[in-house]
Protein chains: 2
Amino acid sequence: MACTVSGVRKGFRPTITDVAALAGVSIATASKALNGRQDVRDSTRQRVLEAARELAFQPNELARGLLSGQTRTVGLLTSDSAGRFGIPVLLGAEDAFGAGEMAVLLCDARGDAIREQHHLRALLSRRIDGLIVVGESTDPRPSVSSDVPVPVVYAYGPSEDPADVSFVPDDVGGAAMAVRHLLAMGRRRVAHVTGPAHYKAARDREEGLRLALAEAGVAQTGQTLCGPWSQRWGRHAAEMLLMAEPEIDAVFCGSDQIAAGFVEIARERGRRVPDDLAVVGYDNWEVLSTETRPALTTVDMNLEMLGRTAAQHLFAAIDGRATPGVHRMPCELVIRDSTGRS
Amino acid sequence: MACTVSGVRKGFRPTITDVAALAGVSIATASKALNGRQDVRDSTRQRVLEAARELAFQPNELARGLLSGQTRTVGLLTSDSAGRFGIPVLLGAEDAFGAGEMAVLLCDARGDAIREQHHLRALLSRRIDGLIVVGESTDPRPSVSSDVPVPVVYAYGPSEDPADVSFVPDDVGGAAMAVRHLLAMGRRRVAHVTGPAHYKAARDREEGLRLALAEAGVAQTGQTLCGPWSQRWGRHAAEMLLMAEPEIDAVFCGSDQIAAGFVEIARERGRRVPDDLAVVGYDNWEVLSTETRPALTTVDMNLEMLGRTAAQHLFAAIDGRATPGVHRMPCELVIRDSTGRS
DNA sequence: TACGTTTCCGAAAACCTTTTAGTTCGCTGC
DNA sequence: GCAGCGAACTAAAAGGTTTTCGGAAACGTA
């Protein structure tokens with residue numbers, strides 16, 4: 001009787017009309033049966049459900065969206081998703097949306113403002129319910145909210161407009177936490193090697209360092225050294241620093257790449273890590289942080305969680321409950337061997 | 001007169017009816033004017049265009065798609081986009097689609113078949129025009145094509161069904177190219193350290209190695225050593241291999257992580273790379289390959305290009321021009337210092 | 001039988017756009 | 001004065017779904 005079809009005819013898509021016809025009812029009744037509404041006799045509902053199953057019927061979200069004005073689709077606009085940091089945020093957001101039955105339209109502007117406008121138009125013409133903008137760094141970026149008639153949430157890179165909703169890692173807090181850990185391990189001669197000073201991330205992390213040192217009444221050893229975020233720079237900085245300030249017993253590095261380079265040189269120069277020298281990284285980029293010798297104590301920005309939170313907040317904003325402002329999400333200190341056993 | 005609005009009223013979306021009313025024409029005429037069709041007087045067209053500009057009108061893609069049956073939207077289904085390899089493929093595909101005015105619906109199944117089915121249903125109900133499935137490894141994966149009434153293209157991880165369209169890196173060719181390079185540099189005692197043997201990537205790369213060695217009539221030195229893809233395993237393998245086969249003058253590694261670990265130990269044991277020992281990696285993961293000392297010669301699978309090609313092929317398939325089968329995309333050898341100057 | 005109530009179902013409108021099939025109007029040619 | 005024609009425009013249908021509202025049937029009550 002019921003001829004179960006394995007596979008699907010290419011191109012053919014059954015409509016609710018087909019289902020209604022097969023079940024021998026009107027489309028209105030079929031709709032009510034399928035959506036679990038009242039005013040349908042149980043036996044009728046069963047017939048409709050059976051017909052829908054047999055035809056592998058999938059309601060057309062386009063038609064549904066056209067009617068309801070809600071597409072249950074959000075845009076995810078990234079400036080540079082190739083970047084190390086955009087990806088986890090994106091994944092967290094995708095995860096949260098997936099759980100909420102939302103679909104995600106992905107756009108990568110590749111750092112180009114023209115392309116960004118282009119994508120924005122494409123998203124709007126597809127009637128997204130909301131938008132997440134993922135930055136490529138924690139530096140504030142121009143707001144797009146005024147061009148967009150739906151709620152917008154910024155993740156990782158905040159909007160320049162404080163009236164927008166932004167979620168960023170708390171780099172000041174993360175850095176302070178890392179340095180407090182160094183101090184708790186008894187270190188008092190703490191140096192600092194980080195990335196280019198024009199990055200907000202570098203400045204924030206420096207502020208966290210100062211904060212924690214000031215709390216403990218300890219002075220920083222040597223100047224903050226700024227360079228690229230790379231391992232190469234970590235090696236170079238280590239060579240300079242071990243020469244210039246040989247008495248240091250701890251280094252706070254602005255990234256795991258820098259830290260990886262630093263421990264490499266320290267090891268070569270015969271400094272035992274962590275016994276002679278404790279090293280802390282930042283980012284918890286596991287391919288580096290777990291593979292250096294010794295494995296790095298480092299700050300994890302919880303980016304996936306940040307993305308998830310931003311997505312959940314977007315839900316709230318779509319429902320009209322937004323909390324504007326910059327929300328700083330706490331970081332987490334991952335303690336490994338490079339700062340010694342506690 | 002024309003009051004240009006900066007910003008957009010939240011929630012309000014003008015329709016073509018609004019545009020037509022403002023321009024004083026029927027919606028049919030407005031539609032024709034906006035779409036550059038004939039049968040519209042120039043002066044009328046200008047009035048319509050002006051009205052559309054003033055209202056910031058965006059045609060509703062939902063309505064358009066409902067009518068045309070084409071959504072100009074494709075699905076991108078990944079098993080594990082957190083993976084190292086899915087990302088570039090995804091970016092390449094997104095890039096190709098963006099250029100073609102297509103939008104991309106992103107779904108990450110996180111390696112869960114249930115979730116995959118769930119996402120598949122969501123995509124189909126949104127009436128995607130086509131689907132790209134991005135695998136997490138080069139091992140063949142179950143086909144979804146029979147459940148999907150639109151064209152499907154598999155990228156990175158091929159479908160188990162040879163009637164499907166798949167794009168995979170040519171690992172055999174890539175490995176052979178790497179080993180031929182070692183031979184061309186005069187090396188004759190080539191060892192092999194790679195990942196777990198249950199990975200097709202490991203087996204394919206071994207086949208490439210054998211091929212190239214056989215061509216040159218050279219025997220492999222020592223057994224192929226299999227372990228995790230990690231840097232740690234690279235270090236461990238180096239310790240064993242330098243002990244067991246001290247006469248080797250080259251190592252082909254199955255990944256940059258393994259190669260990075262290998263050169264690290266080789267350096268510590270006093271083997272000069274590349275003078276005493278040439279090392280080749282695989283993947284061209286730049287955070288490793290450009291930062292080791294010396295920088296790694298390595299095989300680049302051109303994943304972004306692979307993703308782009310898969311996307312372009314999906315276009316063709318949507319137009320009814322598909323070329324079934326597994327398409328092997330050429331790899332590229334990136335020569336750096338770890339194999340010596342040429 | 002007449003009437004009210006409940007239960008179940010269906011017709012039709014609405015969402016927004018494109019396209020088809022006209023309709024109107026002015027003009028040419030006879 | 002009229003057939004014929006082309007240009008410019010419009011009314012209406014189509015696409016798939018949900019929702020509103022009205023209607024029909026069934027049942028109980030007076």
Side-chain angles (χ1 to χ4, degrees), chain A residues 11-49 51-52 55-73 101 121-122 124-129 149, chain B residues 11-49 51-52 55-73 101 121-122 124-129 149:
Chain A
F12 174 73
R13 300 283 183 75
T15 73
I16 200 172
T17 309
D18 301 317
V19 175
L22 184 57
V25 297
S26 73
I27 57 173
T29 304
S31 173
K32 281 182 280 199
L34 290 170
N35 293 306
R37 309 273 316 256
Q38 297 299 73
D39 292 355
V40 181
R41 191 162 35 189
D42 245 15
S43 60
T44 311
R45 188 186 303 279
Q46 290 311 319
R47 277 213 321 284
V48 174
L49 258 37
L55 296 173
F57 168 72
Q58 300 269 3
N60 186 328
E61 280 291 334
L62 269 60
R64 202 181 262 185
L66 187 57
L67 197 52
S68 69
Q70 300 246 327
T71 52
R72 299 196 301 176
T73 303
E101 307 279 295
R121 260 195 295 277
L124 291 180
S125 71
R126 285 186 167 77
R127 295 302 189 263
I128 51 171
D129 291 338
Chain B
F12 174 74
R13 301 282 183 76
T15 72
I16 198 172
T17 309
D18 301 317
V19 175
L22 183 57
V25 297
S26 74
I27 55 175
T29 303
S31 174
K32 280 183 282 200
L34 290 170
N35 293 306
R37 310 269 317 255
Q38 297 299 72
D39 293 356
V40 181
R41 191 159 37 192
D42 246 17
S43 60
T44 311
R45 187 186 303 279
Q46 291 309 321
R47 278 214 319 286
V48 173
L49 258 37
L55 296 173
F57 169 73
Q58 300 269 4
N60 186 328
E61 279 292 333
L62 269 61
R64 205 181 258 185
L66 187 56
L67 199 52
S68 70
Q70 299 246 330
T71 52
R72 300 195 302 175
T73 303
E101 307 279 295
R121 260 195 293 278
L124 291 180
S125 71
R126 285 186 167 77
R127 295 302 187 264
I128 51 171
D129 292 338

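Every chain is numbered from 1 and lettered A, B, ... according to where its sequence line falls, protein lines coming before strand lines.
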To the nearest angstrom, how far is [X] atom [atom1] from [N] atom [atom2]?
{"X": "B:Ile27", "N": "D:dC9", "atom1": "CD1", "atom2": "C1'", "result": "13 Å"}
{"X": "A:Leu62", "N": "C:dA14", "atom1": "CG", "atom2": "P", "result": "21 Å"}
{"X": "A:Arg127", "N": "C:dC15", "atom1": "CZ", "atom2": "P", "result": "14 Å"}
{"X": "A:Arg126", "N": "C:dC15", "atom1": "CZ", "atom2": "C1'", "result": "19 Å"}
{"X": "A:Leu66", "N": "C:dC15", "atom1": "CG", "atom2": "C1'", "result": "4 Å"}
{"X": "A:Arg13", "N": "D:dT17", "atom1": "CZ", "atom2": "C1'", "result": "16 Å"}
{"X": "A:Gln70", "N": "C:dC16", "atom1": "CD", "atom2": "P", "result": "14 Å"}
{"X": "B:Lys32", "N": "C:dT19", "atom1": "NZ", "atom2": "P", "result": "10 Å"}

Of all the choices, D:dA11, C:dA11, C:dC8, which nucleotide is nearest to the side chain of A:Arg41 once you look at every atom? C:dC8
Between [X] and [Y], what is the shortest heavy-atom contact and its length?
{"X": "A:Leu49", "Y": "A:Ala33", "value": "CD1-O, 4.0 Å"}
{"X": "B:Val19", "Y": "B:Ala52", "value": "CG1-N, 3.9 Å"}
{"X": "B:Ser125", "Y": "A:Pro59", "value": "CB-O, 3.4 Å"}
{"X": "B:Leu62", "Y": "A:Thr71", "value": "CD2-CG2, 3.5 Å"}

Does the side chain of [X] get closer than 4.0 angstrom to OP1 or OP2 of [N] through an N or O atom?
{"X": "B:Thr44", "N": "D:dC9", "result": "yes"}
{"X": "A:Arg37", "N": "D:dT18", "result": "no"}
{"X": "B:Asn35", "N": "C:dT18", "result": "yes"}
{"X": "A:Arg64", "N": "D:dT18", "result": "yes"}
{"X": "A:Ser31", "N": "D:dT17", "result": "no"}
{"X": "A:Thr15", "N": "D:dG16", "result": "no"}

For A:Glu61 and B:Gly24, take the nucleotide of DNA chain D holding the closest heavy atom to each; which residue's nucleotide lies nearer the 5' end? B:Gly24
Please figure out whether A:Asp39 or B:Thr29 has its closest DNA chain D nucleotide nearer the 5' end. B:Thr29
pair A:Lys32-A:Arg45: side-chain heavy atoms closer than 4.5 Å: no
